[in-house]
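Labels below follow one simple rule: chain letters A, B, ... track the order of the sequence lines, proteins then strands, and each chain is numbered from 1. Note that the structure is a prediction, hence the values are computed from the model and not measured.
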Amino acid sequence: MASSQKLTEYERKRLENIRRNDEMMAALKIHSKATELSASSSAKRQRVVTKSYKLSPEKKPRTQSPIVIRRSLRTRGMPPAYSDFKALDDTVEATPMAAKTLTQSNPSARDLGPLSSRDAYRGTGSDKLLMERILSVSKKPSEDFGYENGGDSIKGVCDRLELGSLSLNPENIARVVPGKIMNVRFLPCSNSKMIVVGNKFGDVGFWDVDSSMDKEDGIYLYHPHPGPISGISIQQQCLSKIFTSCYFGFIRLMDAEKEVFDLVYSSNDPIYSLSQRPYDIKCLYFSEGRGGFNIWDERVGKCSTQWNLHEDRINSIDFNSENSNIMATSSSDGTACIWDLRSVNVDQPKPLKEVRHNRAVQSAYFSPSGSSLATTSMDDTVGIVTGVNFDNTLMIKHNNQTGRWISSFRAIWGWDDSHVFIGNMKRGVDIISPAQKRTIFTLESPHMSAIPCRFDAHPYNVGMLAGATSGGQVYIWTLG
DNA sequence: TATTGTTTTATGACC
DNA sequence: GGTCATCCAAACAATA
């Protein structure tokens, strides 16, 4: 499995090198931004981003003190700005010493062991409040709203949901991390508004929206991974354990109780997606390399299952709420598949259903009721699959050409089966109605200064929708 | 068949 | 308000 796409050690070094440059640049920029901010806070163009992550300027996990100089391009004999990777490759190749220094300069995210949250923390001030907050909400069980529960059940609220009354208030905007957000997630908990995001640098950012009303901004930045975060998974019944995966082949578990990012799994192959089965906190489901799919079992401390489900990378993994043996995958091989975990043939895995697109498929998510599937593809369609055996497929046109700088769009379901949310290139959120087979509404706001490309719907608060951008911003739309 | 090159595109920092 | 650097997508064309 995974040979051509497998990263050589050489490549890993190179990419990490690039990443570190990014980080350095980001750090420098933040620094100068702080001074600029106080000088011109009343810019013409309504600067709505009041809340933003802050980097601790003298963050030195263990080794780095004045190493900023050692990292500089000049001392490494590089041009101030490199125009292509070739030059960088050559330099790294020619000076193994430099490469070695670089590797050592950031031991935290590279160590193959547990990483204390203190070492991973990159913010100013203390993260004590965050840890306490996560622990307090995880001890107080969420009220279990039944979907059909009558009264103010989720279904009841959904039935009355007016798309026009969704609004974006300036206090619900923050820059949670630097750079491109790959993943955004609400803490699945009825009594909190906590955002978790992962970016391309390997940072994991938290935004405690409720506490951000006070003088604290409620934003906390960690750096547990050396490369892009490909997945975040949090189980409702275990909120203090947050799993993250990374393109560089690592899965870590942030345990708020132990204040540590434990290393759960590591591989030489990239991990492209991560998921967990509802009500099962013992197993992790993730994709590895080119088409590989693994189930990691905590009880035995290893992968209990390794299948080759696709021809190319698996971009998403999702489980059916009605029957958690039913799983959907989407892949860059141009297909989305529905599987029954109980009957997958190791040698020739056969899906229950295959949805064919003309280009790579970025996501495939089951609807809240479990009876529909929404797929998003680079072929400029959103697929809606319905029917008892998922027999009916409907393709709805939607421009999904995000280019290179914006994370690909992934259509997600709202709080019932009636709406699907997806970003558009005009800084809006398109709302598709599967019943009407078209986009019926678009959320727009002058406060949305960038394209929202990754989303999450709050599992308990109907109408609360988080959109994340490629500039590190998060917008939270709410009802009123 | 497998690898390599080219093109596309938005964002934030900085001037 | 304009310029500049970004740089683990993806599709396609061209080459080995």
Starting at atom CZ of A/Arg175, determine the distance to atom C1' of B/dG12, rounded to an integer number of angstrom.
-> 7 Å
Measure from the side chain of A/Gln362, starting at C-beta and using heavy atoms only, and say which of C/dA9, C/dA10, B/dG12 lies closest.
-> C/dA10
Is the distance from OP1 or OP2 of C/dC7 to the nearest side-chain N or O of A/Lys200 less than 4.0 Å?
-> yes
Pairs under 3.5 Å (N/O, protein and nucleotides 6-8 of chain B):
residue: B/dT8; atom: O4; partner: A/Arg404; partner atom: NH1; Å: 3.2

Between OH of A/Tyr475 and C1' of B/dT11 the distance, given in whole Å, is 10 Å
When rounded to the nearest 0.5 angstrom, what is the spacing between OG in A/Ser367 and CG in A/Asn320?
-> 7.5 Å
Taking only N and O in the side chain of A/Tyr247, is any of them less than 4.0 Å away from OP1 or OP2 of C/dA9?
-> yes
Find the distance A/Asp312:CG to B/dA2:P and express it as a whole number of Å.
-> 12 Å
What's the CE-P distance between A/Met182 and C/dC7, to the nearest Å?
-> 12 Å
Spacing between A/Ile229 atom CD1 and C/dC8 atom P, to the nearest angstrom | 15 Å
Contact under 4.0 Å: A/Arg313 side-chain N or O vs C/dC8 OP1/OP2 | no
Write down the distance between CZ (A/Phe250) and C1' (C/dC8), rounded to a whole number of angstrom.
-> 15 Å
How close or far is atom C1' of C/dC8 from atom CD of A/Glu288, stated in whole angstroms?
-> 16 Å
Is there side-chain contact between A/Ile181 and A/Asn183, with heavy atoms separated by less than 4.5 Å?
-> no
Quick one: closest heavy-atom pair of A/Asp217 and A/Ser52, and the distance?
-> OD2-O, 3.2 Å
Nearest-Å distance once atom C1' is located in both B/dA13 and C/dC8 = 23 Å
Any A/Arg427 side-chain nitrogen or oxygen under 4.0 Å from OP1 or OP2 of B/dT11 | yes
Could you go step by step and tell me if A/Asp255 and A/Lys241 meet the salt bridge (charged side-chain N to carboxylate O under 4.0 Å, His left out) rule?
-> CA-CA 5 Å; A/Asp255 189 326; A/Lys241 294 188 194 307; 3.0 Å; yes
Kindly compute the distance separating CZ (A/Phe286) from CG (A/Asn294), expressed to the nearest 0.5 Å.
-> 4.0 Å
Check the pair A/Leu284, A/Tyr265 against side-chain contact (heavy atoms from CB on, under 4.5 Å), reporting the backbone distance first and the verdict last.
-> CA-CA 10 Å; A/Leu284 289 172; A/Tyr265 179 84; 6.0 Å; no
Calculate the interatomic distance between A/Phe409 atom CZ and C/dA9 atom C1'; express it in whole Å.
-> 14 Å
Is A/Gln401 near enough to C/dA10 that one of its side-chain N or O atoms lies under 4.0 angstrom from OP1 or OP2?
-> no
Compute the ring centroids of A/Tyr121 and A/Tyr222, then answer whether they are less than 6.0 Å apart.
-> yes
Side-chain contact check for A/Phe201: nearest option of C/dA11, C/dA10, C/dC7 is C/dC7
